[in-house]
Amino acid sequence: MTQRFDFSTLQPDLILDALYHYGFDVSTGLLALNSYENRVYQFSAYRDGAAQPEKLVVKFYRPERWTAAQIEEEHQYAFALVDADIPIVAPLRFAGSSLLHYQGFLFAVFPSRGGRTLEIDNDEQLAMLGRFLGRMHQVGRQQPFRERPTLTVESHLIESQQVLANLSLIPTYLRPAFDSALAQVIAEASRQYRPAQLIRLHGDCHAGNLFYTSNGPFFVDLDDCRMGPAMQDIWMMLSGDRQQQRFTLELMLEEYEQYCEFDPAELKLIEPLRAMRMIHYMAWLARRWEDQAFVMNFPWFGTDKYWEQQYLALKEQLSLLQQPPLSLVPDY
């Protein structure tokens, strides 16, 4: 029988043994960091004969989520960004390899780097973010991913719909209306999602995944990187009404285009991408519901109120999909 590795066997002793195996003399305990998809811990350790311990982060990848080749391609993209002087926290290499193996687990070790959460209502920070993403996409356009996935209707809508169709948590009284609204949103988003160009992306570019210092924004890793349209890394910074969203776009794109050309046709992808994220997120939680970390941290997912709210959100999203797409030309 094939041995199955899951996080229930990832105990502190195993983590410490894995780090010791790769030469880390851990001088502190393990501090669990906020990560649900993977298991991430901060620690301090002596490395390379240093007189003082170094603060580091170890990330154990969720078993069976990514292949080793996909993780290695993520790391290579991080190294390419570092080589282009783009601020990203890349993994450390050991004997030339950044992806480490121990007792069936795949993991990587990163320098620990702190910063403040990016403020999406701060114009100066948004301008810096626009430049940052422009530089990042300039590198992302140079070659495609070969192993990482692509953001598609199939991956984010059709497969998610299949997961939700088999989910018992959705209350029976709401099921027909929910399924109908879901199907309508998927049909309209699928019709509108027609990207002309796919590039290497961060893939999950929202304020919670961005950090900021006086030198500008940076990412700590690229766990969701994939092929997709440039707009995927931009639209989640938009908030407020159409006028406010237009102002934010103009601010970011003016800086973005100093480094990378932006196709205005991608503006019509904003609402389809929003729908894809909304539906994929529901299915992501459903897929992970057997993991007790999700049950403890997302207890509202199993409540009738949550699904009633999702039904209303789907109806609202359908209305947005049926409106003219956002334009950089003011509405009159």
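- Sorted by first and then second residue, the ring-ring contact (aromatic ring centres under 6.0 Å, His included) pairs involving residues 150-203 (not counting sequence neighbours) are H156-H280, F178-W307, H202-F219.
- Counting only residues at least two apart or in different chains, salt bridge (charged side-chain N to carboxylate O under 4.0 Å, His left out) contacts with residues 197-206 comprise D204-R277.
- For the pair D241 (side chain) and Q243 (backbone), a donor-acceptor distance under 3.5 Å is present.
- The backbone N or O of Q162 sits less than 3.5 Å from a side-chain atom of N166, completing a donor-acceptor pair.
- Using a distance-only test at 3.5 Å, with no hydrogens or angles considered, a donor-acceptor pair links the side chain of S97 to the main chain of L99.
- Atoms CG and CD, on L251 and E124 in that order, are 10.5 Å from each other to the nearest 0.5 Å.
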For this session: Determine, stepwise, if the pair F60 / Y102 fulfils ring-ring contact (aromatic ring centres under 6.0 Å, His included).
Result: CA-CA 10 Å; F60 284 81; Y102 191 77; 8.6 Å; no
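- Checked for salt-bridge contact, R113 and D221 miss the test: no charged N lies under 4.0 Å from a carboxylate O.
- Applying the salt bridge (charged side-chain N to carboxylate O under 4.0 Å, His left out) test to every pair with at least one member in residues 131-154, sequence neighbours left out, gives these pairs: E74-R148, R131-E255.
- With hydrogens and angles disregarded, a donor-acceptor distance shorter than 3.5 Å links the side chain of E266 to the backbone of A230.
- Identified under the ring-ring contact (aromatic ring centres under 6.0 Å, His included) test for residues 248-271, with sequence neighbours left out: H137-Y256.
- In this view, E254 satisfies the side chain to side chain contact (heavy atoms under 4.5 Å, CB included) rule with no residue, not counting sequence neighbours.
- In plain terms, the two heavy atoms of A80 and V139 that are nearest each other are CB-CG1, 4.3 Å.
- Proximity of R274 to I270: side-chain heavy atoms (C-beta onward) are separated by under 4.5 Å at one or more points.
- For the pair D304 and R175, the salt-bridge criterion is not met [side-chain N within less than 4.0 Å of a carboxylate O].
- Looking at I186 and V153, their side chains never come closer than 4.5 Å, going by heavy atoms from C-beta outward.
- Looking at T248, its side chain does come within 3.5 Å of a backbone N or O of Q244 through a donor-acceptor pair.
- Between L318 and Q322 the shortest side-chain heavy-atom distance falls below 4.5 Å.
- No side-chain N or O of E72 forms a donor-acceptor pair with one of Q76 less than 3.5 Å apart.
- Salt-bridge check for K305 with E308: failed, with every basic side-chain N at 4.0 Å or more from each acidic carboxylate O.
- One N or O on the side chain of R226 and one on the backbone of D224 form a donor-acceptor pair closer than 3.5 Å.
- D17 is not listed as a side-chain neighbour of Q103, based on a closest heavy-atom distance of 4.5 Å or more.
- Closest of all the heavy-atom pairs between A275 and V185 is CB-CG1, 3.8 Å.
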Exercise. Given Y36 and N38, is the side-chain hydrogen bond (donor to acceptor under 3.5 Å, both in side chains) satisfied, shown in steps?
Worked result: CA-CA 6 Å; Y36 304 114; N38 304 295; over 6 Å; no
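- Side-chain atoms of Q245 do not come within 3.5 Å of backbone N or O of S239 as any donor-acceptor pair.
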For this session: Show your reasoning for whether ring-ring contact (aromatic ring centres under 6.0 Å, His included) applies to Y306 and W300.
Result: CA-CA 6 Å; Y306 170 77; W300 36 261; 5.2 Å; yes
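- With N209 contributing its side chain and C205 its backbone, the two residues share no donor-acceptor pair below 3.5 Å.
- Between the side chain of T28 and the backbone N or O of S44 there is at least one donor-acceptor pair closer than 3.5 Å.
- For the side chain to side chain donor-acceptor pair (under 3.5 Å) test, residues two or more places apart in sequence or in another chain that qualify with W284 are E37.
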